[in-house]
Structures are given as C-alpha cells and as structure tokens.
Colleague: 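First the structure, then my questions, so here it is.
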Amino acid sequence: MAISLIDIPQELLHKIALYATLSTVLGPPKELVNLTMTCRTLRDLLSPHNARDIYNLVFIHKFDALAPVHRLGQTAVRENAALEIRRRFSAMQTFKAKDRTVDDASLTEAFWVAYLMVEDSDTSQKNVKQLLHAGLPSFLDLYLRKSLHEGAESNDGWPVMSVKSSLAVALSWALTSQSSVSREDPVERVEMLSLLAPIVLTACRALSEAMPWTPYYERFPRSTFPPQTVNYFGAATREIRVPSAPLFAILLYCTRIETVKLSIPPHLKHRTRERSTLSGTVYPVNNTGNFSSEMENSLDSILWQQSFYKLGTLSGQWQGSDMTALSHKYQGWVLSNTMPKSFDGQARKPQFFRFSEHYCCDMDSVVPRDRVENGMVNAWLPQDLQATEEKDGVHFSDAKGTFRRFYKTFRRGRTCVKPEQVVDVIITGKPEMNGSLTLDTVPPEVLEHIAYFTATESFLGPPATLVPLLTANRRINATLSITHNHHLYARIFAYKFDTSAANSRLGSDQLTSWALAEELRHRFIVLNRLRLRLDSTTHARHSDQDDDKMPLYNILFTAYLLMLENEGKNREQLAEYGKIKDWIHEFWFDPYGSSLAVYNIRIGRWPPNHPENALGMWLFWFFLNIRDFPSTIADGPESPIDVLKVLALGAHMYNLTNPTWLEFDPKFSSRSLKPATVYAKSLHVAPPPLATAAILSYTTLLNRKKAVPLPPSDAPPSRQHFKEWESEWGRCFIKSKRNVTECFRPGSIEGVWEGFFTYTEFTAYAALLGGAAPGILHRSVLGRHPQTWKLREHHLLAVDPCGSDSGIDIDDDDVTPLTAGDPLRSYFPIGTQIRENREGLIVQEAESNKVIRYRRISSLDKAKMDSSRVLDVIITGEGHSAWGQFNLVGRVRPCDGFVSLCKDYVDGDRGKWLYRGYLVGSSNGNFAGRWRDTLSPAPVPGYEGCFVMSGRR
C-alpha cells in the first residue's frame with residue numbers, strides 16, 4: 001500500500017524537511033518552502049508555529065547564531081528564527097535583483113538587516129557568505145555611485161548623509177577586500193574616489209565620529225544621528241547607533257588611494273591569514289562588530305558601542321598613511337558655500353607608530369580633563385600635561401604641580417585586570433622612524449621603495465647611488481641585491497629604458513623580473529664600455545687585458561636593439577651617458593678604428609663586410625646629425641663622406657639583402673645567423689646588411705641642404721614610437737614562411753615620394769667591376785638627379801573567416817598569390833597581365849586562366865582591416881625625373897619586406913631599370929636601396945647606383 005507524506009509521523013516529517021533543507025548552505029531554504037507548498041496539511045505541519053525547532057536549526061545552519069543567542073538568549077532566538085529567516089532573505093532578494101526602486105524605508109530596512117548580519121558575523125563567516133552570495137557588494141557599488149550624493153542639490157552640492165547612505169558606506173567597507181579593490185576598473189576607482197572625497201576631506205561637512213566632539217562648526221549641517229530603534233532579530237527590537245559615514249568613507253578612500261602596498265610588520269608571527277589559521281589562531285572577518293565576550297547582553301544597551309574599552313587594543317606597532325590637504329586648498333573647501341568640483345591638493349606619507357596604553361582603576365586618581373570644547377585640540381588632556389616614564393607606568397602632572405597621577409602601563413601577557421575595573425585610559429605613542437627603528441629594521445618592502453627612489457634619483461647611467469645602501473650590511477645587501485631582488489631591478493629597468501616595444505614583441509612571459517634585471521646589468525656593462533671607448537679602436541681593445549671582455553658584436557647588437565626599442569629613453573642613455581656618437585666616429589673614421597675602414601682604404605682594399613661593421617653602420621645612421629659634419633670638412637680618401645661613398649657605391653662588395661635578392665622565396669642558411677643575448681635569452685639573429693644604412697648615411701651628407709633622406713635624429717620627437725622600427729626588428733629573424741606584414745607595414749608605401757638617384761661614370765664603374773681598388777670611386781664623377789614618385793599599394797587578401805567580403809573573386813577559400821617570377825622583372829612571371837582600376841588590380845598569369853584580384857589599400861577600411869589577411873603586395877605608380885616620365889610596378893618580398901620596382905620610361909629611349917631596397921622606418925620612413933640595369937643577367941653584377949626617397953611631408 002502506497003504511503004503519502006501526510007501519513008508520515010510528524011517527527012519523521014520534520015526530520016525529512018530538516019535534512020532536505022540542510023543539503024545547501026547558501027541561499028534561502030527552498031526545499032522547506034517547496035514542502036510547505038505541497039498541500040495544506042504539510043503547510044500546517046511545517047508552519048513556524050508547529051515547527052519552531054526546524055526553523056531554529058535552519059537558521060543556525062545558514063547564519064551565525066552566536067551573537068543573537070548571547071544577546072537575546074536561546075529561547076528568544078528560537079521564537080523569532082522563522083521571522084528572521086524571512087527578513088534576511090527578503091533583504092537579500094532586494095540586493096540580488098539590484099532593485100534600487102524600492103521605497104526608502106524598505107531599502108533602509110534591508111541595509112539594517114545586512115549591517116546587523118555583518119555586526120553579528122563570527123569566525124565561520126556564514127552571514128558574510130550569504131551577503132556575498134546575494135551580490136551585496138555589487139549592489140552597494142551601484143547604490144553609492146548613483147545615490148551617495150542624493151539630495152546634494154538642496155545643500156549647495158554637498159552630500160547629505162542619511163541613515164541609508166551611512167549604512168551603505170559602512171557595509172561597503174565591511175565587505176571590501178584587497179582582491180575586490182585590485183579588480184576594480186581604474187576609471188571606476190577614480191569615480192568612487194571623487195564621490196567619497198567631500199565626505200573624507202572636509203571634516204566640517206561630515207564629522208568623523210558618530211557623536212561630535214564639540215560644536216566646532218555650527219554653521220554647517222551635521223551628518224550624525226541619534227540611536228535608532230530597529231528590529232534586531234525577528235520581532236525583537238533594539239536601539240542601535242548609526243555607523244559613522246565619514247569613518248568608513250575614510251577607510252574606503254584610503255584603500256583605493258593606496259597604490260603602494262604596505263608590508264607586514266616584522267613583529268607578527270604569521271605572514272598570512274592562512275598560516276595563522278593553520279596554527280590555530282582565529283581572527284574575525286572584520287573589526288566593525290562586537291564579538292563573543294565583548295558583547296553586552298543587557299537589553300538596555302545600545303548596539304555598536306562597546307561597554308568597556310578592552311586594554312591591549314592599541315598597544316604595539318602600527319603602520320599606515322597620513323593624508324593631509326594643502327592648507328590653502330583646505331581653507332578654500334571649508335569656506336566655499338558650494339562643493340568644489342575637485343578635491344585635488346593633498347599629500348600622503350607613510351606613518352609608523354608604536355602605541356602604549358596607560359590605565360587607571362581609581363576614579364579619584366584620574367588625570368583632570370580639559371574643557372569639553374578643547375576635545376579636538378588636545379584630546380581632553382590638560383594643555384600643559386607632563387609625563388614621566390617609570391618601570392611599571394607613567395606619572396602624569398602639570399607644570400604648576402596642581403596634580404600628580406600614576407597610571408600603570410599595559411604589558412601584554414602580564415597585565416591582569418578586568419575591563420570593567422578600568423576607569424580611564426591614556427594612550428601615548430611615538431613614530432617608529434624617529435625612535436627605535438634603524439635602517440636595518442625597516443620593513444623589506446619599505447626598504448625596496450627607498451632603494452628604488454635612490455636608484456632613480458638620476459635618469460642617466462647605472463643606479464650607482466645604490467652602492468652605499470648595498471654595502472651598509474649583509475641584511476640590506478641580501479634584501480636589495482640583484483641576485484635576491486629581481487623585482488626592484490626590473491622597476492629600475494622600466495624607469496631607465498623604454499619597455500613598450502619589448503612587451504609588444506616578446507610578451508610578459510619572457511620579460512620576467514629576472515630577465516629585466518639581467519638585461520639591466522648587461523646594458524650598463526655595454527654603456528660603460530661605450531662611455532670609456534674600450535672597443536672603438538683596435539688599440540683600445542688590445543689594451544683591455546680583461547679575459548672576460550665582451551665581444552664587439554655583442555656590444556654593437558645591444559646598442560642596435562636599444563635603438564629598435566627606442567621611444568626616447570634608450571637614445572638618451574646611448575647618446576648622453578654612453579657617448580655613442582664619439583664612439584661610433586672613432587669606430588669608422590679613426591685610422592685605428594675597429595671597423596678597419598680607413599686602414600683598408602689606405603692600402604687599397606675594401607673595408608670588411610662583416611656583422612660588426614653592418615651594425616656599426618646602422619648605429620651611425622641612427623645617430624647621424626649633419627651639423628656634426630660641416631660642409632667645409634676636408635675632402636679626401638679618408639674623410640667621412642668618402643668612406644661612406646665607398647660603402648654605399650660598392651654594390652659588388654656589399655650586398656643589399658641577406659638572403660640573396662635573386663629569389664622571391666629564398667632558402668635560408670643557418671650560417672648567416674649569429675647568437676645574441678636578448679633579455680637574458682640566447683637568440684639566433686640575422687645581422688642587418690650594411691648597404692642600406694650606408695646608402696642612407698652617404699646620401700644624407702651628399703644632400704645636406706634638403707631633408708631627403710630624413711635621419712632619425714631630425715625626426716619630430718612626437719612621432720617617435722616604438723613601432724617605428726617594427727620591420728627592422730622583424731628582419732632580424734629569418735623565417736622560411738612568414739606573413740608579409742611582419743617586415744612591411746601595410747599602407748606605408750602608398751603616397752607621393754620625393755628623392756634622387758646617383759650614378760657613376762660607366763667606365764669607372766666597369767673598372768670597379770673588373771677589380772679596381774675603392775680609390776677609383778674618389779676620382780670618378782658622381783651624378784645625381786631628383787625624381788618624384790606617386791605610388792599605390794594593392795593587397796591580396798585571404799578570405800575573411802568571419803564571412804565578410806574578402807575582395808577576391810573565387811569560389812572557394814583557396815587564395816593563392818601570384819607565383820614568383822624573374823627577379824629582373826620585380827618577381828613577376830613573364831607574360832603577366834595587370835589591369836588597374838579604381839578598386840585595385842586584376843592580375844592574370846600568361847599560362848593560367850585564373851584571375852586574381854588585388855584590393856587597393858585606399859579602398860579598404862583601415863580601422864577594420866586585419867593585417868594578417870594580407871598575402872601579397874603589388875605596387876604600381878608613375879613618376880618623373882630630368883630624364884622623362886616613367887611607370888613603376890613591383891612586388892614586396894614576404895620574407896623580409898624587400899621591395900623591387902621596375903621603372904619603365906614612357907618614351908622607351910631610356911630603357912628599363914630595376915629599383916630594389918627597403919622601407920626603413922615607419923611614420924618617418926625612407927625608401928633606400930640600389931637601382932641596376934635589366935640587360936645584365938641577374939646573377940652577374942650589373943651597372944648599379946644608389947637611390948633614396950622620402951614621403952612628401
């Protein structure tokens with residue numbers, strides 16, 4: 001026979017309901033509610049009148065019950081448990097729904113319920129967990145941002161603190177944690193600070209105690225309230241004092257404005273709450289309430305005030321911050337009838353104190369109190385109070401000798417006195433920094449800040465000011481040395497060098513504190529060697545007897561890397577501290593320079609084409625300033641401009657590219673790679689070829705009256721950005737397959753370009769190819785002609801994975817770029833047909849019916865463009881020079897951004913010429929390289945010259 005629930009004995013039914021409800025802790029007792037809604041019989045059997053014990057146990061299961069039982073007794077809690085459960089979950093439903101439209105009385109009641117839950121929370125934190133589960137923190141955040149200044153329009157803009165807003169501020173602090181503040185959006189944090197500022201910084205508008213010290217500012221309205229009668233537990237009412245909004249607002253404000261995390265005091269036994277809990281020590285979740293034995297169980301007492309002061313509360317070491325408004329600013333705030341728009345103008349400094357408590361148990365032996373109105377001035381103590389410290393306490397007296405009182409000093413672990421016996425407590429304290437603390441006992445985190453500001457006192461050069469601090473003693477050395485404190489030196493690195501490029505290119509996984517600290521050490525070793533010119537000449541390197549001296553390549557590559565990451569700081573360190581301009585001048589133009597350029601030219605040989613010279617030439621270009629080379633400089637085979645001329649025009653000796661320009665998709669050899677240390681990690685990199693930098697440097701001195709090309713030294717500072725040298729960084733790493741945009745910025749070549757090309761006498765150049773010494777270039781005539789180009793950039797785009805129009809007329813997703821062709825035809829296959837229209841190009845190879853559409857960069861939405869979709873780049877254009885008008889067409893090689901353009905004169909008399917080079921830089925870019933004839937076979941050195949172009953500004 002089937003048995004229904006109503007046939008079950010009442011005791012058993014109560015157990016079923018109880019165990020079903022106990023299955024969950026957070027949230028309302030849904031299982032119990034569902035049972036009561038089953039039928040009228042179950043509703044009666046499980047009603048609060050018939051099931052008080054169940055509701056009492058449910059309350060104990062879901063909430064902290066110690067405080068209400070202590071204050072009201074077990075019987076009162078049992079009688080009111082059902083009603084209190086309903087009150088609490090009704091309030092939490094308001095928070096969970098984020099319903100701010102409820103009437104003021106209901107919302108105030110909900111806040112009182114939540115505040116009393118926090119007040120009664122004990123170490124199990126059930127109350128707090130329920131409030132967090134209901135989303136109270138987010139509700140409070142929304143309320144404070146929308147309603148904290150409610151009613152301010154009727155008070156000249158100053159906030160009017162109500163009971164409701166005071167409760168909201170107090171609750172917000174009680175539920176605030178370090179993690180919640182750290183997760184707060186910076187913009188929202190600033191907004192919250194501005195909302196709290198008038199309550200925190202203008203004491204005359206909102207006093208910082210629930211009861212005023214003295215009627216000091218009568219002209220302004222007060223924000224204090226008399227004790228309120230509220231439902232404390234169920235139907236049981238109690239008087240409770242409204243929490244002080246300014247007090248909790250200060251805590252909220254300071255928590256957010258503190259950007260420096262203070263260290264854990266060294267005298268604490270346990271460094272974290274977890275360790276403390278494991279050791280058996282229990283701390284309450286917050287300090288706003290009265291707990292266990294501290295609670296007063298008299299029904300006549302007012303909640304939220306302790307019956308007796310607990311000795312030992314303030315004794316010991318304390319640390320924090322002192323925020324003080326500038327006097328003229330504060331006077332302006334106080335005297336202004338309307339609230340200021342901002343509260344800027346405050347200073348903050350750390351504070352370290354040691355407090356002592358001195359108590360008296362005899363009412364007749366209490367130190368006389370000063371007048372009440374002096375409470376804010378002298379803490380109610382006589383103004384001429386004197387204190388004489390003795391072994392067990394302090395004697396207090398005044399200058400006239402009218403009284404002399406002895407107060408015992410609280411000694412933790414030795415003082416045994418009941419709180420109710422104490423009638424007066426005087427607290428004394430002294431700053432720890434001026435007292436017993438020495439530099440050796442300063443907390444490590446504070447010591448690190450001292451070290452940081454010491455190291456960054458000067459921007460230029462290594463943090464040499466740290467040396468006295470590091471040599472003070474072993475403890476400080478162990479705390480601050482680079483071996484043990486990578487974080488400190490990583491901060492110093494970020495102060496002294498640019499970091500945006502490294503973060504963008506390498507990512508935070510590689511840029512650890514350890515890597516930055518090691519890079520800081522490495523860079524200043526390099527900068528010191530540059531400053532002392534230990535490597536700029538062969539004599540200097542031979543005189544350096546250090547067995548561990550750094551290879552010349554490492555020095556040069558480090559300086560080159562600094563310039564590729566430059567936003568201003570790196571260049572200043574190299575130029576002002578490292579004196580690299582003097583170093584690089586000796587490297588190239590001293591008879592004993594480490595480049596061996598002058599030495600080899602003297603003996604009729606070409607300067608070496610090795611990685612060290614390539615890096616040295618790039619550094620010369622980065623720091624080139626034409627004012628350092630006056631036009632009256634002596635001309636001759638060893639002069640700077642003639643040394644540069646040899647390097648720029650010697651096309652058969654100094655390759656323009658690495659790998660060879662003959663292949664569109666070249667095969668790479670590991671022999672062209674050299675190891676280099678980049679942020680403490682060894683990488684194999686490809687040193688940039690010397691030729692492009694030599695051409696840029698030579699043509700700059702040759703064309704000194706015009707800003708073509710534009711050297712980095714003359715570029716506008718506002719346009720210096722770490723992405724300026726992104727393509728040069730990409731060319732340091734060889735890849736067989738890569739996206740073209742890694743070494744070529746889309747859209748960078750579109751526009752009008754102005755520049756010139758140079759050419760040597762044909763007979764002189766033929767002799768050069770026949771093996772003549774570089775001196776023949778000094779004796780030959782060099783011609784140059786200005787030219788202007790107007791270029792258009794066209795992209796082949798991969799199919800958009802999101803389904804948008806890719807611009808490619810195909811039926812499937814197989815987008816294949818134009819095949820590689822003849823290098824003398826800018827890598828176009830023979831017979832390729834190109835038709836240009838407003839939208840771009842229609843390209844068709846001779847042996848294929850397949851049509852490929854390239855989109856012009858100007859027809860694309862650059863804001864929405866995904867550069868990773870660019871598969872191939874074709875360049876078209878036209879131009880003119882003294883020799884006539886011409887057309888231009890070419891391609892960009894994906895592996896290194898190498899640009900090859902075929903120049904075809906319109907009249908046909910001047911033939912076809914091939915322009916090959918790199919776009920160096922981005923917003924301040926120059927297009928530089930070499931031209932050559934197209935009649936000589938590609939593998940054979942042809943008739944060549946230099947060209948340089950700069951975007952029209």
Side-chain angles (χ1 to χ4, degrees), residues 259-268 271 317 319 349-354 430-499 511-535 543-550 554-555 558-559 562 569-570 572-574 576-580 677 679-680:
T259 56
V260 178
K261 182 182 177 183
L262 296 174
S263 66
I264 299 172
H267 62 277
L268 292 184
R271 311 302 286 180
Q317 293 173 302
Q319 64 181 27
K349 60 182 179 180
Q351 295 279 18
F352 299 86
F353 283 98
R354 182 183 291 275
K430 57 184 178 181
E432 290 265 57
M433 286 302 186
N434 299 325
S436 60
L437 280 183
T438 64
L439 189 61
D440 189 46
T441 58
V442 171
E445 202 161 314
V446 176
L447 189 62
E448 182 180 318
H449 288 302
I450 294 172
Y452 173 76
F453 289 113
T454 301
T456 56
E457 182 181 2
S458 173
F459 168 72
L460 290 177
T465 49
L466 272 181
V467 174
L469 201 56
L470 290 169
T471 56
N473 58 46
R474 291 182 179 179
R475 175 192 172 269
I476 293 177
N477 184 276
T479 303
L480 301 178
S481 68
I482 195 169
T483 307
H484 298 94
N485 197 332
H486 302 137
H487 177 260
L488 168 63
Y489 293 88
R491 292 176 63 198
I492 296 172
F493 179 91
Y495 176 81
K496 290 183 175 286
F497 296 100
D498 298 307
T499 58
L511 296 183
T512 61
S513 295
W514 173 79
L516 292 175
E518 289 299 311
E519 185 69 12
L520 178 74
R521 188 203 324 249
H522 174 74
R523 288 190 179 185
F524 278 118
I525 291 173
V526 170
L527 287 169
N528 279 324
R529 295 190 70 88
L530 292 173
R531 185 181 180 87
L532 298 174
R533 301 190 198 175
L534 298 179
D535 308 278
S543 63
D544 184 5
Q545 300 300 319
D546 187 357
D547 294 334
D548 296 327
K549 63 182 177 183
M550 189 176 293
N554 290 358
I555 295 169
T558 300
L562 278 166
K569 292 180 182 179
N570 291 1
E572 191 173 352
Q573 291 285 6
L574 283 166
E576 300 301 326
Y577 180 77
K579 307 294 183 185
I580 194 171
T677 302
Y679 291 95

Colleague: Report yes if the side chains of Leu447 and Leu480 come closer than 4.5 Å at any heavy-atom pair, otherwise no.
Modeller: yes
Colleague: What is the distance from atom CE of Met550 to atom CD1 of Ile555, rounded to the nearest 0.5 Å?
Modeller: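 CD1 of Ile555 is found 6.0 Å from CE of Met550.
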Colleague: Looking at every heavy atom in both Tyr679 and Glu519, which two are closest together, and how far apart are they?
Modeller: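 Reported closest heavy-atom pair: N-OE1, 3.0 Å.
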Colleague: Does the side chain of Tyr489 come within less than 4.5 Å of Leu516's, by heavy atoms?
Modeller: no
Colleague: Can you check whether Ser481 reaches Arg474 side chain to side chain, under 4.5 Å on heavy atoms?
Modeller: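 The answer is no, as the side chains (C-beta and beyond) never meet within the 4.5 Å cut-off.
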Colleague: Kindly give the heavy-atom pair with the smallest separation between Ala451 and Leu488, and that separation in Å.
Modeller: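 Taking Ala451 first and Leu488 second, the nearest heavy atoms are CB-CD2, 3.9 Å.
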Colleague: Let me see the working for Thr499 and Leu511 under side-chain contact (heavy atoms from CB on, under 4.5 Å), right down to the final yes or no.
Modeller: CA-CA 10 Å; Thr499 58; Leu511 296 183; over 6 Å; no
Colleague: Restricting to non-hydrogen atoms, name the atom on Thr454 and the atom on Thr465 that form the minimum distance, rounded to 0.1 Å.
Modeller: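 Residues Thr454 and Thr465, closest heavy atoms: O-OG1, 2.7 Å.
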Colleague: Let's go through Thr677 and Asn554 carefully: what are the C-alpha distance in whole Å and the side-chain angles of both, what is the deciding distance for side-chain contact (heavy atoms from CB on, under 4.5 Å) to 0.1 Å, and is it a yes or a no?
Modeller: CA-CA 8 Å; Thr677 302; Asn554 290 358; 5.6 Å; no
Colleague: Are any non-hydrogen side-chain atoms of Thr456 and Arg491 less than 4.5 angstrom apart?
Modeller: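 No, side chains not in contact.
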Colleague: Indicate yes or no: at least one non-hydrogen side-chain atom of Glu448 is less than 4.5 angstrom from one of His487.
Modeller: yes
Colleague: Where is the tightest heavy-atom contact between Asn485 and Thr479, given as atom of each residue plus distance?
Modeller: ND2-O, 3.0 Å
Colleague: Between Lys496 and Gln573, which heavy-atom pair has the shortest distance, and what is it?
Modeller: O-NE2, 3.3 Å
Colleague: Run the side-chain contact (heavy atoms from CB on, under 4.5 Å) check on Phe497 and Leu520 step by step: do they pass?
Modeller: CA-CA 9 Å; Phe497 296 100; Leu520 178 74; 3.8 Å; yes
Colleague: So, taking the atom named CG in Asn570 and the one named CG in Asp498, what distance separates them when rounded to the nearest 0.5 Å?
Modeller: 4.0 Å
Colleague: About how many Å separate OG1 of Thr512 and NE2 of His486, when rounded to the nearest 0.5 Å?
Modeller: 8.5 Å
Colleague: I want to know whether Phe524 and Phe493 have ring centres closer than 6.0 Å.
Modeller: no
Colleague: Taking Asn477 for its side chain and Thr471 for its backbone only, find out whether a donor-acceptor pair lies under 3.5 Å.
Modeller: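 Checked: no pair found.
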Colleague: Test side-chain hydrogen bond (donor to acceptor under 3.5 Å, both in side chains) on His522 and Thr558; report intermediate values, then the result.
Modeller: CA-CA 9 Å; His522 174 74; Thr558 300; 2.8 Å; yes
Colleague: Taking all non-hydrogen atoms of both residues into account, name the closest pair between Glu518 and Arg521 and its distance.
Modeller: OE2-NH2, 2.9 Å
